[in-house]
Amino acid sequence: MTEFSEKVFDAVIKIPCGRVTTYGQIAIICGHKGAFRAVGSTLHKNPVFGMIPCHRVVNSKGELAENYVFGGKEVQKNLLLEEGIEFSEEYVVNMRKHFWFG
DNA sequence: CTCTTGACGCACA
DNA sequence: GTGTGCGCCAAGA
């Protein structure tokens, strides 16, 4: 557990319910605005989903990263819907309304 | 210690 | 508005 990963997790955990953010935003919060790659890499190795609500983390387009899924994209979509997040597309959240800025 | 990969983002054509 | 290329940082082999 490095300082970087801690900040990443902390930032993701701080994302309020019904709100989503982007990798870039998290990277900025961590102090490494160019580390969005590392953010994804670190979160990918995230052990427990209950500890890190990674389903609230989307790419700059606001769409779900179709390559990570912990239990299925539908599961993630359902989780976001449960939080009251609206979807612009089948797997693209309306970040316009739900984007979270630390 | 060095090289490659990775849940990405932005600039340019 | 769409397609391609380059750059960023960290972790794993």
Side-chain angles (χ1 to χ4, degrees):
Chain A
M1 183 64 92
T2 63
E3 185 181 312
F4 176 77
S5 58
E6 281 187 56
K7 289 189 175 186
V8 173
F9 296 142
D10 189 56
V12 176
I13 293 170
K14 283 180 178 175
I15 301 175
C17 243
R19 205 130 302 180
V20 297
T21 193
T22 63
Y23 294 95
Q25 189 63 44
I26 294 175
I28 294 170
I29 294 171
C30 293
H32 301 264
K33 69 177 187 177
F36 21 75
R37 303 217 82 175
V39 173
S41 188
T42 301
L43 287 178
H44 186 205
K45 289 303 180 70
N46 170 22
V48 187
F49 158 66
M51 180 176 157
I52 314 294
C54 10
H55 63 272
R56 292 180 191 152
V57 185
V58 297
N59 60 13
S60 61
K61 292 179 291 239
E63 63 179 280
L64 312 184
E66 54 185 270
N67 287 312
Y68 81 86
V69 291
F70 40 79
K73 292 180 297 190
E74 297 178 27
V75 177
Q76 180 175 15
K77 197 184 82 169
N78 185 34
L79 287 169
L80 293 172
L81 287 172
E82 288 294 305
E83 296 182 1
I85 295 177
E86 298 176 37
F87 278 70
S88 181
E89 298 293 333
E90 187 64 6
Y91 293 109
V92 182
V93 302
N94 192 336
M95 59 175 292
R96 168 77 180 197
K97 297 175 58 178
H98 304 287
F99 180 68
W100 175 70
F101 38 99

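Chain naming here is simple, since letters A, B, ... match the order of the sequence lines and numbering starts at 1 in each.
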Query - Side chain proximity check, Y23(A) to R37(A), heavy atoms < 4.5 angstrom - result: no

Restricting both atoms to N or O, compile the protein contacts to nucleotides 10-13 of chain C shorter than 3.5 Å, with distance only.
from, atom 1, to, atom 2, distance (Å)
dA11(C), OP1, T2(A), OG1, 3.0

Query raised in the report: To the nearest Å, how far apart are I28(A) CD1 and dC8(B) P?
Result: 16 Å

Query raised in the report: Rounded to the nearest Å, what distance is computed from the CG atom of residue L43(A) to the C1' atom of nucleotide dT5(B)?
Result: 17 Å

Requested in this report: Write down the distance between CZ (F36(A)) and C1' (dG9(B)), rounded to a whole number of angstrom.
Outcome: 4 Å

Contacts under 3.5 angstrom, residues 78-88 of chain A side chains, donor-acceptor by atom type, not counting sequence neighbours:
from, atom 1, to, atom 2, distance (Å)
E83(A), OE1, G18(A), N, 3.3
E83(A), OE1, R56(A), NE, 3.0
E83(A), OE2, H55(A), NE2, 2.9
E83(A), OE2, R56(A), NE, 3.0
E83(A), OE2, R56(A), NH2, 2.9
E86(A), OE1, K97(A), NZ, 3.3
E86(A), OE2, K97(A), NZ, 2.7

Compile the donor-acceptor pairs under 3.5 Å between side chains in residues 7-15 of chain A and protein atoms, sequence neighbours left out, one pair per line.
from, atom 1, to, atom 2, distance (Å)
D10(A), OD2, K14(A), NZ, 3.0

Query raised in the report: With side chains defined as the heavy atoms from C-beta onward, is the minimum distance between K73(A) and E90(A) less than 4.5 Å?
Result: no

Query raised in the report: Please give, in whole Å, the distance from dC8(C) C1' to N59(A) CG?
Result: 17 Å

Query raised in the report: Is there a side-chain contact between F36(A) and I28(A) (heavy atoms, below 4.5 Å)?
Result: no

Report summary line: Heavy-atom closest pair (K77(A) atom, L64(A) atom, distance to 0.1 Å) is N-CD1, 4.3 Å

Query raised in the report: What's the CD1-P distance between I26(A) and dG9(B), to the nearest Å?
Result: 10 Å

Requested in this report: Just compare dC8(C), dA7(B), dC10(B) and give me whichever is closest to any side-chain atom of S60(A).
Outcome: dC10(B)

Requested in this report: Could you state the atom-to-atom distance from CE of M95(A) to C1' of dC8(B) in whole Å?
Outcome: 13 Å

